[in-house]
Amino acid sequence: MKKLRVLLVDDEIMIREGFKRLFDWEAHDCQVVGEAADGMEALAQIDSLCPDIVIMDINIPIMNGLKVIQLSRIKHPEIAFVIVSGYDDFSYCREALRLQITDYILKPVDYEEFGSCIDNLKISLFEQRVAAEEPAAQEERTINGLTRYLQEHLAEEVSLSVLAEQFHLNPQYISQLFKSEIGVGFLTYLTNIRMEKAKKLLLSTSLSIAEVAEQSGYGDYRVFTKVFKKTEGSTPSQYRRDFLENNA
């Protein structure tokens with residue numbers, strides 16, 4: 001796992017220096033990438049650096065830490081926040097819980113306790129990333145299965161409903177998957193691979209146009225000819241003839 005990027009936010013420079021000098025970030029697979037001394041600076045640094053973890057005091061100038069977290073959550077919901085405060089106040093703790101703060105540590109900081117907090121946080125962030133990657137990996141496996149099926153059944157009648165039945169998926173989901181994973185709609189993709197198959201057959205076999213049409217998934221060669229001409233700019237016969245003349 002790559003090193004976690006940490007932002008330190010405290011208006012006291014000695015506190016920030018203490019975190020940098022007295023805690024072994026390297027041993028916990030972390031690196032301090034920035035600092036901030038007030039709420040506005042913290043927001044700017046969060047936007048600029050996109051840290052994995054923000055270690056933050058509540059009582060900082062211009063904008064308190066809880067407000068910074070509230071605003072940051074809008075654009076950066078994945079960032080983990082650890083409150084380090086001198087206030088052992090239930091109202092602060094309650095608000096921190098509402099904002100889903102990862103941990104609430106009191107000053108003076110016990111660095112052994114803080115180390116345990118960071119290690120637990122690493123595990124949590126790793127699990128979150130794995131959970132976030134699983135749907136993407138599943139979608140990639142699904143689209144690979146769909147396209148492989150199309151290639152293997154190109155001569156057959158294939159539609160979204162056929163794929164939905166074969167893969168036990170919603171037709172609309174399959175349609176959206178083609179657009180998000182491949183960048184084109186299902187029909188555009190299907191037409192494209194059928195035309196590629198037809199061109200290959202036209203140039204490498206002596207099959208009739210009707211036979212090429214059938215093997216490319218078109219039961220009616222007239223429909224095939226119309227689609228081919230629209231896609232390639234010439235009829236299948238002309239396409240084959242031009243190739244043979246150019247390679248005579």
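Residue numbers run from 1 in the order of the sequence given.
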Query raised in the report: More than 12 heavy atoms of other residues, nucleotides or ligands under 6.0 Å from CD of Glu181: is that the case?
Result: yes

Query raised in the report: For Gln138, does the CD atom sit with more than 12 other heavy atoms under 6.0 Å from it, leaving out its own atoms?
Result: yes

**Report entry** Asp11 side chain near Glu41 side chain, heavy-atom distance below 4.5 Å
**Finding:** no

Requested in this report: Say whether Met195 and Ile193 are linked into one hydrophobic cluster, either directly or through other cluster members, by side-chain heavy-atom distances under 4.5 angstrom.
Outcome: no

Query - Any donor-acceptor pair under 3.5 Å from Thr147 side chain to Asn144 backbone - result: yes

Query raised in the report: Is the Phe19 to Phe23 ring centre distance short of 6.0 Å?
Result: no

Query raised in the report: Does the side chain of Thr235 pick up a donor-acceptor pair with the side chain of Ser237 at under 3.5 Å?
Result: no

Query raised in the report: Can you find a heavy atom in the side chain of Leu146 that is under 4.5 Å from one in the side chain of Gln166?
Result: no

Query raised in the report: What is the ring orientation for Tyr189 with Phe178, classed by angle as parallel under 30°, tilted 30 to 60°, or perpendicular over 60°?
Result: tilted

Requested in this report: Is it possible for you to say whether Leu121 and Leu8 belong to one hydrophobic cluster, with membership spreading through side-chain heavy-atom contacts below 4.5 Å?
Outcome: yes

Query raised in the report: Do Leu207 and Glu214 have side-chain heavy atoms sitting under 4.5 Å apart?
Result: no

**Report entry** Residues Gln238 and Asp242: side-chain donor-acceptor under 3.5 angstrom
**Finding:** yes

Report task. Give a yes or no on whether Phe228 and Leu190 share a hydrophobic cluster (residues Ile, Leu, Val, Met, Phe, Trp, Tyr; joining criterion: side-chain heavy atoms under 4.5 Å apart). Result -> no

Report task. State the CG-CG distance between Leu71 and Asp47, to the nearest 0.5 angstrom. Result -> 10.0 Å

